[in-house]
Structure formats: C-alpha cells, structure tokens
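Numbering of ligands and ligand atoms starts at 1, following listing order. We count residues from 1, following the sequence as given. Side chains included, hydrogens not; waters and symmetry mates left out as well; all remaining heavy atoms used.
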Amino acid sequence: MRAVVLTGERTVAIENVPDPELTGPDGVVVRVEHTAICGSDLHLYHGDIEATGVRLGHEFIGTVAEAGPEVRTLRVGDRVLVSGLIGCGHCDACASGDPVLCRNGGLTIFGTTPGLPGGQAEAVAVPLADTFALPIPESIDDEQAVLLTDILPTGFLAAQRAAISPGSTVAVIGLGPVGILALQCAQLFGPARVLALDPVPDRLERAAALGAEPINASNGGGPAGVLDATAGRGADAVIEAVGLDQTIADAIVCAATGATISIVGVNLSMTLPFPMAAALLKNVTVRMTVAAIPSTWRALVALLASGRLRPEGIFTHHLGLSAAADAYRIFDRHEDGVLKVLLDPTT
Ligand SMILES: NC(=O)c1ccc[n+]([C@@H]2O[C@H](COP(=O)([O-])OP(=O)(O)OC[C@H]3O[C@@H](n4cnc5c(N)ncnc54)[C@H](O)[C@@H]3O)[C@@H](O)[C@H]2O)c1
Ligand SMILES: [Zn+2]
Ligand SMILES: [Zn+2]
C-alpha cells in the first residue's frame, strides 16, 4: 500500500510499504478514508525530532477492514475515528480516556513513536481498538470526525484548562487550526472578549469573523496589542497555540495579574528562556496540556450535534495522498490561504 514517509528535513515521499497487519487480538486494521496534516507533523518535518523513515500521520478516519477476536465494540465495516494518541489501554487513566497520564508509561503517537506507523496511508493498524477508536456517530460529518482525532480535543482542553469565567477577557496566541478551534471553544465558556493574535492576515480575518478582536502579531506586536486593548491590564486567560520560545514568553506578557495561561503549543526545548520575574510577580497559573483525546469525545460529540460548536471551513485544502509533498509545503509555508489540509488516500 502507499504511505507518506518522512525522507529528510522538509521532504516527504509516497512510498510503497507492506500492508498493515493486526497488532494483536485487541487491534483492528482501518482502511483510511480521510487523513489530515497537523502542526505537530511539522515538528518532524522541520527536523526538531529526528524521525527520518517514519510513516507520518496521527489524524485519520476510515472503515474497519479487519478486527481481532477480542475486539468487542467494533465490527468489520464500521466507520471509525481514532485517537491520535494511545496508551496501554488497561490502566485507570487509559480507561478514563486519558492516555497522556497512562500509568504504564504507555503514551504513544501514531506517525511519531517508532513502531506505531501513521495514518497518512491507505491503511493503518490500530491497537487497543475498544479504548481508542470510536464508531463515527451519525450526527458527525467526516471533517468533524477528523477534527475529533486530535485538534478539536486539544482546542477544547486548551480552553477548559484556561479557567475562563463569564465576562472575562481571553487572549489566544496563534490562529492556526489549533488556535482557531481553541478560540471557538473559549467562546463556550462565556468570555466578554476574545483577543486573537497571529501575524497572518487571513487567519486574523477568520478570527474576526468568529467574533474575536484581531491583533496583528507581526514584528513582535502581539503583546503590546493585548496591553493596548486592555488599558494595560492584560488578559484574564491566555491560550498559547504556537509553541515558539517567543510566544510562550509573550503569553506571560499578555497575562493580567492572577491570570491562567494554558499552553498547548508544542515546544521541544530543554532550555526555554522564561520571563520568571514577570510570571512570579503576576501570580500566574501556567497549565500545559497534551490532549487526553478520548476523554473529550462525549462532550464534543454533544456540542457538535447540537450546533453549539460549529468548526466550519477548517479544511481549506483537499488533496490526494499522492500530493503529500505539495500539501506539506503549502501547510508549512501558509501558502494559498491554507488553514488545514485533508488528504484523500484513494488518489
Ligand atoms: N498539546 C497538544 O495536544 C497538541 C495537539 C495538536 C497540536 N499541538 C501543537 O499546537 C501548535 C499549533 O498547531 P497548528 O496545527 O495550529 O499549527 P500551525 O503551524 O498551523 O499554527 C501556528 C500558528 O501560529 C502563528 N504564529 C507564529 N508566530 C506567531 C507569533 N509570534 N504570535 C502569534 N502567532 C504566531 C502562525 O502564523 C500560525 O497561524 C503546534 O505546536 C502543534 O504541535 C498540540
Ligand atoms: Zn495533530
Ligand atoms: Zn494506560
């Protein structure tokens, strides 16, 4: 079958690889129907983590083509969405839908952790399917289902852990797909204002159309914009959805005294410069989150079904898997008004 393989820094290729096989009696093989590229794939693409040869992709949905004898909740032919992260599947954390806190140190990521090939492929083997795959509810469309595999849970938990009170002011730093979804989820908690920071004009326009106040973050202007907009006070809750050293420092500057800062941007530095004095003197609370994806599905499916949450138009580009090299370049360089790319493995 064909799969997207990381072949070097900023290069991916479609390679013919062996068909996936069941990982064990609790696993399924999923024939992939849609698969997305994530900002987290870019950390591999940029070479921040050495992963040459990895089969990429942790956001995918498809149809069960084969099921192990111990799988109870899924049958061949079921359409499923799969958590991009999985754990041991057996501990209390995994049972509660939080593989990040897996007691057996079992957190693994499709298309990132060696030994767990990714979903930017025609098919993928999914271990522990009863815990980490969900039959796609009828009320959910395909694009929403793909969002439920990673970035909608991430945006939701980013907002939930930002401790937003009704009437407060929220700042969202970074308006990529994760930041845009975090912005929409922040609005569920009743803030009076959402300030939205990014250097890319079309992303600022999208945030404004969603009811946020856009602040152009070009040339380091983001934090000054937040302080201007709040008479020097800063935001009560700050969501960081970029992951750069600079934007993590910016989050502290943007925070009001007593604020909560919720970081979901991935930063792999072991020596991050951190504006400690400002953080300390403001008594901020800093929370960091890798998303406990399955734990959010019940609430998010209900919010999507009721229309209270409408993550529309996130996928701006629909390309065939064979165009993966172009798709990665477009997404990485923010070309052509892209927000997020969906790949079709059949073409
Ligand atoms: N914690 C989790 O569970 C989780 C899950 C998925 C993704 N992520 C991470 O979230 C981050 C965002 O992912 P994405 O898919 O939206 O990626 P993306 O690259 O599309 O978005 C990043 C955005 O940050 C903006 N940006 C760059 N510099 C900025 C600045 N100085 N001020 C404000 N904005 C700035 C970019 O213009 C872009 O819009 C990545 O680091 C990704 O790894 C985390
Ligand atoms: Zn992702
Ligand atoms: Zn576990």
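At least one side-chain heavy atom of V29 sits less than 4.5 Å from a side-chain heavy atom of L22. Taking the side chain as every heavy atom from C-beta outward, L116 and P127 approach each other to under 4.5 Å. Side-chain contact between D130 and V71 is present, with at least one heavy-atom pair separated by less than 4.5 Å. Looking at heavy atoms from C-beta onward, Y328 lies out of side-chain contact with V341 at the 4.5 angstrom threshold.
With the Zn ion (ligand 3) at the apex, C91 SG and C102 SG define an angle of roughly 120° (rounded to 10 degrees).
If you count the protein N, O or S atoms nearer to the Zn ion (ligand 2) than 2.8 Å, you get 4.
The hydrophobic clustering, which links ILVMFWY residues whose side-chain heavy atoms are closer than 4.5 Å, places L56 and L85 apart.
Sorted by chain and number, the heavy-atom contacts of ligand 1 below 4.0 Å come from C38, G39, S40, H43, D150, T154, I173, G174, L175, G176, P177, V178, L197, D198, P199, V200, R203, A217, A241, V242, L244, T247, V264, G265, V266, T289, V290, A291, F331, H334.
Atom CG of D92 has more than 12 heavy atoms from other residues, nucleotides or ligands within 6.0 Å.
Take E143 and apply the salt bridge (Lys or Arg N to Asp or Glu O under 4.0 Å) test, not counting sequence neighbours, and it matches no residue.
Residue pairs meeting the salt bridge (charged side-chain N to carboxylate O under 4.0 Å, His left out) criterion with at least one member in residues 13-33, sequence neighbours excluded: E33-R79.
Distance CD1/I164 to OG1/T260: 9.5 Å, rounded to 0.5 Å.
Between F60 and F110, the two ring planes are perpendicular [angle over 60°; tilted spans 30° to 60°].
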